[in-house]
Every structure is written in structure tokens, then in C-alpha cells.
Asker: 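Would you mind keeping the following structure in view while I ask a few things?
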Amino acid sequence: MSGSFKVPFQDLPLQTAALRPELDAVIDRVLRHCGFIHGKECAEFEAAFAAFVGTKAAVGLGSGTDALQFICRGLGISGDDEVITVANSFIASAEAVSYAGARPVLVDCRLDDYLIDTDALAAAITPRTKAILPVHLYGQAANIDAIARLCAKHGLHLIEDAAQAHGATLKDGRACGTLGVAAGFSFYPGKNLGAFGDAGAVTTNDERLAHQLRLLRSWGSVVKYHHDIKGYNSRLDTLQAAILGVKLKRLAEWNDARARVAGWYRENLQDCAELVLPKLAPWAGRHVYHLFVVRFPGHDRDAIAKQLADAGIQTVVHYPIPIHLQKAYAELGYQPGAFPNAEQAAKSILSLPMFPEMTRAQCDHVCERLRAALK
């Protein structure tokens, strides 16, 4: 196949073009009524997303980071409190804890599926620990039942980072977003369900917490000019809600398409000994493949990525520097070697192109060029 054959990491222009007539209609509707903040489309999307996830409430916010921060604040986590999360996530998982005024405590991941190592969690719990915040990384559920047992034993909150897990489930069908006291979702444009800018939401069955989140997102107010607490300005605006409402109707179909692309990758690469394919965790059900991440333990990952780029194939590293080695978190005192699995993964993983509209020809081309690079 020709080297001029291009494969983007994701193809948002293609997806947007297919939805353009319906998107134009809902955007025009918002432009006509001009209810740009807390318009009716916001409540409509919140109800639809709560129904999709399977919770009593969804609270729309300005970002996924605020979703996690506000959960912590709504639960009263602050000061000397600690929240345990995983070292190999995007930095927002830790920053949300910091924004709430608490201290993130990190643990290592498993190297086969990159999910939080539940065996390491018990040793990280201290008298100051108030919550465990597992990340459903790359679209696959963390080992929630093991984490829930720890939370019950020590009286801790279980907060889900579901920013990459829209529609993911455990093996028994329970959905990510319903498994703890609350879950934070991101609608960053590249997510499985993405807005046309930053946006997020919290899902929860705790009505008291949902009320607290609604206060926090709008200056501590649910009735205009009546401020019950000191809040923030982090609202899901009406245009984004309208756009997300259109896209939510396709989310299950898009997740099926992502799983199909993942199947093509596995079929093409299963006998390729030079790379490690993503493992399906034994407790996980539906993997929604926000990312398809492979690992090259014996090869120069960056050299492989460059060869793919030269062949017109866009790849990304998620994430090249673990949280504990970021300059922003030097204050935590972790040293290189603290979390060897996270560090090894950061040096050797590569995210291959993954989007619902990806064709078999595109997938075959990626695999063909990847095999060539490994030789």
C-alpha cells in the first residue's frame, strides 16, 4: 500500500461533517433563543447522560478536571486529607485533588493493562486518607470490586475518574460512572463523547452531593443572587450541551465501532512478538477503546513512532512522563524508580490511530507499516 496513504490519530472533521445537518439545527435553535447559559438543552443533556450511564443525576460542568475537583470539594475533602490515585494517568487526576486543597498520593499501575495496582493500595492508606480515585484508563474499567472492599474496610469514598470510559462496564454489566459515590467525565473534543471545546459532568446517585455540585459550579447559587456557599464559575454552556445531546445518540454505535477497530488490530498483530497488545482485564466487561495502546519493551518507541509518521500515520504517547516525575509534583517527594511499572510504560507505550470511522484499509495500513518499522 502506498506510503502516501494517510491515517490520522482521530478524524474529528469526518465525524463532524456526518453530523453537520443535525448539529446546525440544534446550534441554530440555541442561537434563536439565546439562552447560552443554563438553557433548556443543558437540563435535557444532563437527563439523557444520566440515563445513558444509569445514575439518578448528571451535573454538567466546564471540564472533566472540575468534575473531579468538585466531587472532592462536595465530599468535604481538603486540608491535610489524602486521595490515592494512579501514577500513570493524565496529570488532571492528581491536580483535581490539589485544587480541592488535599494531597494526591500515588501508587503504581499494572503493566499488562495499565490499570491501578490494587495490591499497592492497602499500603498507601494512612489515617489521612479520605478517598481512592481509580482511573478507568484508556476505556477499560479498573478493578472496582477490590477497591470497593478497601474503601468499605477503611471508611473511604470511592471516586471514579471516568474521563476515558463513556459506556465502559464491568463483566457483570455494571457501568463505569455508577460504581462509586460519584464519577467525573470529560467531554474534551477527542473523547468518545466529545464537545466542541472543554466540558465535563459528574454522575452520581447521591442527591445531596448533586445539589452541592450545582452550588459549586455557579458561584454557590442555584437561585440567582442567593449564594449559599463560596462557589466557582464552571458551567456546561448551552451550545456544548446541545452538541453533546446530538452526539450522545451515536455513542453506543461509536463504541461498537471502536471495539471493531480494536478487533482488527488484534487480528493483524496477535502474532507480532515484538510488541505487547493491550490486555483485557479479567473483571472488565465492555472496553470502549478510547485509546488502543501497544507497548514495545525491546524497541525504541520514539524511532518507531517516527517511522510511522514518515509513512503518514499519526500516533501519540499517553503519557510520556508519569505524574510523580512531573516538575509540578516534585513537592510530593517521589523519586525515579518509585513506580517502576508506570515508568516502564511511559518509555515504551504508543497509542495507535483509533476512531469510530476508521476503515479496515486504514487499520491494515497501520499494521503493515508497524511491522515494517519493527524489522
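Atom set for the values below is all heavy atoms of this structure, side chains included, hydrogens, waters and symmetry mates excluded. When a residue number appears, it is its place in the shown sequence, counting from 1.
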Asker: Rounded to the nearest 0.5 Å, how far apart are NE2 of H166 and CG of L251?
Answerer: 7.5 Å
Asker: State, to 0.1 Å, how close H136 and E160 come at their nearest heavy-atom pair, and which atoms those are.
Answerer: NE2-OE1, 2.8 Å
Asker: Any donor and acceptor pair, going by atom type alone, linking the side chain of R110 with main-chain N or O of T118 inside 3.5 Å?
Answerer: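 Absent.
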Asker: How far apart are the C-alpha atoms of E368 and F5, what are their side-chain angles, what is the distance that settles it, and do they pass the side-chain contact (heavy atoms from CB on, under 4.5 Å) test?
Answerer: CA-CA 12 Å; E368 174 189 327; F5 189 73; over 6 Å; no
Asker: Can you tell if the side chain of D66 reaches within under 4.5 Å of the side chain of Y232, non-hydrogen atoms only?
Answerer: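 No, too far: nothing below the 4.5 Å cut-off.
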Asker: If you measure from CZ on R73 to CG on L213, what distance do you get to the nearest 0.5 Å?
Answerer: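 Nearest 0.5 Å value for the CZ-CG distance: 12.0 Å.
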Asker: Rounded at 0.5 Å granularity, tell me how far NE2 in H324 sits from CG in L332.
Answerer: 10.5 Å
Asker: Please say yes or no: joined through hydrophobic side-chain contacts below 4.5 Å, possibly via intermediate residues, are Y334 and I116 part of one cluster?
Answerer: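 Same cluster.
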Asker: Answer yes when R32 and D28 have at least one side-chain N-carboxylate O distance shorter than 4.0 Å, and no when they do not.
Answerer: yes
Asker: Are E331 and R103 close enough for a salt bridge, meaning some N to O gap below 4.0 Å?
Answerer: no
Asker: Going through the checks in order, is the side-chain contact (heavy atoms from CB on, under 4.5 Å) test met by D161 and I159?
Answerer: CA-CA 7 Å; D161 184 336; I159 302 168; over 6 Å; no
Asker: Under 3.5 Å, side chain of D108 to main-chain N/O of N341, donor-acceptor pair present?
Answerer: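 Confirmed, D108 side chain pairs with N341 backbone.
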Asker: If you look at every heavy atom in G177 and T55, which pair is closest and at what distance?
Answerer: O-CG2, 3.4 Å
Asker: So does D80 have more than 12 non-hydrogen atoms from other groups sitting under 6.0 Å from CG?
Answerer: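 No, because the 6.0 Å sphere around CG of D80 holds 12 heavy atoms or fewer from other groups.
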Asker: Please answer: with hydrophobic residues joined when any side-chain heavy atoms are less than 4.5 Å apart, are L248 and Y289 in the same cluster?
Answerer: no
Asker: Hey, is D271 close enough to R371 for a salt bridge, meaning N to O under 4.0 Å?
Answerer: yes
Asker: Measure across Y329 and S98 and return the closest heavy-atom pair with its distance rounded to 0.1 Å.
Answerer: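 Smallest heavy-atom distance, with atoms named: OH-OG, 2.5 Å.
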Asker: Would you mind reporting whether L158 and P134 have side-chain heavy atoms less than 4.5 Å apart?
Answerer: yes
Asker: Just by modelled atom types, is the A50 backbone N or O under 3.5 Å from a matching donor or acceptor in the T203 side chain?
Answerer: no
Asker: Would you say W283's side chain and A142's backbone share a donor-acceptor pair under 3.5 angstrom?
Answerer: yes
Asker: Can you name the nearest heavy-atom pair linking A182 to V202, along with the distance?
Answerer: CB-CG1, 3.9 Å
Asker: Test your reading of the model: is there a side-chain donor-acceptor pair from R250 to the backbone of V246, 3.5 Å cut-off?
Answerer: yes
Asker: For R208, does the CZ atom have more than 12 heavy-atom neighbours from other residues, nucleotides or ligands under 6.0 Å away?
Answerer: yes
Asker: Donor-acceptor pair, N205 side chain versus K56 backbone, under 3.5 Å?
Answerer: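 Flag set: sc N205 to bb K56 pair under 3.5 Å.
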Asker: Could K306 and D310 be called an ion pair, given the rule that one side-chain N must be under 4.0 Å from one carboxylate O?
Answerer: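 Here K306 pairs with D310 in a salt bridge, since their nearest N and O are under 4.0 Å apart.
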Asker: To the nearest 0.5 Å, how far apart are CZ in R369 and CD1 in I313?
Answerer: 7.0 Å
Asker: What about the rings of F49 and F187, do their centers lie closer together than 6.0 Å?
Answerer: yes
Asker: Look at the side chain of E41 and the backbone N and O of T238, then say whether any donor-acceptor pair between them is shorter than 3.5 Å.
Answerer: no
Asker: Hey, is R295 close enough to D112 for a salt bridge, meaning N to O under 4.0 Å?
Answerer: no
Asker: Can you find a pair of side-chain heavy atoms, one from V288 and one from R258, that are under 4.5 Å apart?
Answerer: no
Asker: Are L137 and V293 side-chain neighbours, meaning at least one heavy-atom pair lies under 4.5 Å?
Answerer: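 Side-chain contact under 4.5 Å: no.
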Asker: Please answer: with hydrophobic residues joined when any side-chain heavy atoms are less than 4.5 Å apart, are V135 and Y114 in the same cluster?
Answerer: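 Both belong to a single hydrophobic cluster.
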Asker: Would you confirm whether Q326, through its side chain, and I91, through its main-chain N or O, come within 3.5 Å as a donor-acceptor pair?
Answerer: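 Between the backbone of I91 and the side chain of Q326 there is no qualifying donor-acceptor contact (under 3.5 Å).
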Asker: With heavy-atom distances below 4.5 Å as the criterion, would you say the side chains of V7 and M358 are in contact?
Answerer: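 Yes, at least one pair of side-chain atoms sits under 4.5 Å.
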Asker: To the nearest 0.5 Å, what is the distance between SG on C72 and CG on L133?
Answerer: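 Going from SG on C72 over to CG on L133, the span is 6.0 Å.
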Asker: Is there a path of hydrophobic side-chain contacts, each under 4.5 Å between heavy atoms of I, L, V, M, F, W or Y residues, that connects L350 with L269?
Answerer: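 Same cluster.
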Asker: Are any of the side-chain nitrogens in E46 or R217 under 4.0 Å away from the carboxylate oxygens of its partner?
Answerer: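 Here E46 pairs with R217 in a salt bridge, since their nearest N and O are under 4.0 Å apart.
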Asker: Going through the checks in order, is the side-chain contact (heavy atoms from CB on, under 4.5 Å) test met by Y265 and V366?
Answerer: CA-CA 9 Å; Y265 274 131; V366 173; 3.9 Å; yes
Asker: Establish, yes or no, whether a centroid distance under 6.0 Å links the rings of F9 and H318.
Answerer: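 Distance test on ring centres: under 6.0 Å, yes.
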Asker: What is the minimum heavy-atom distance between Q240 and A195, and which atoms define it?
Answerer: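 Answer, listing the atom of Q240 first, then A195: OE1-CB, 3.1 Å.
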Asker: Quick check: do Q140 and L280 have side-chain heavy atoms less than 4.5 Å from each other?
Answerer: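 Result yes, sub-4.5 Å side-chain heavy-atom pair found.
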Asker: Would S351 and Y138 count as having a side-chain donor-acceptor pair, cut-off 3.5 Å?
Answerer: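 Absent: no donor and acceptor within the cut-off.
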Asker: If I compare all heavy atoms of C151 with all of I132, which pair ends up nearest, and what's the gap?
Answerer: SG-CD1, 3.9 Å
Asker: State whether the side chain of S89 and the backbone N or O of V86 hold a donor-acceptor pair below 3.5 Å, judged by distance alone.
Answerer: no
Asker: Within the structure provided, determine whether L215 and V222 are in side-chain contact (heavy-atom separation under 4.5 Å).
Answerer: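 Side-chain contact under 4.5 Å: yes.
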Asker: Under a 4.5 Å side-chain heavy-atom rule over Ile, Leu, Val, Met, Phe, Trp and Tyr, are F185 and F90 clustered together?
Answerer: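 No; tracing contacts between hydrophobic side chains, which count when under 4.5 Å, never links both residues.
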Asker: What distance do L370 atom CG and I304 atom CD1 have between them, rounded to the nearest 0.5 Å?
Answerer: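 The distance works out to 6.5 Å.
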Asker: Take Q69 and L61 through the test side-chain contact (heavy atoms from CB on, under 4.5 Å) and record every step on the way to the result.
Answerer: CA-CA 11 Å; Q69 177 197 173; L61 297 165; over 6 Å; no
Asker: Would you say that more than 12 heavy atoms from the other residues, nucleotides or ligands in this model lie under 6.0 Å from the OH of Y319, or not?
Answerer: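 It does: Y319 OH has more than 12 such atoms within range.
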Asker: With a 4.5 Å limit on heavy-atom distance, are the side chains of R235 and C42 in contact?
Answerer: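 Side-chain contact under 4.5 Å: no.
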Asker: Is there a donor-acceptor pair closer than 3.5 Å between any side-chain N or O of W254 and the backbone N or O of K247?
Answerer: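 Here the side-chain-to-backbone pair does not exist.
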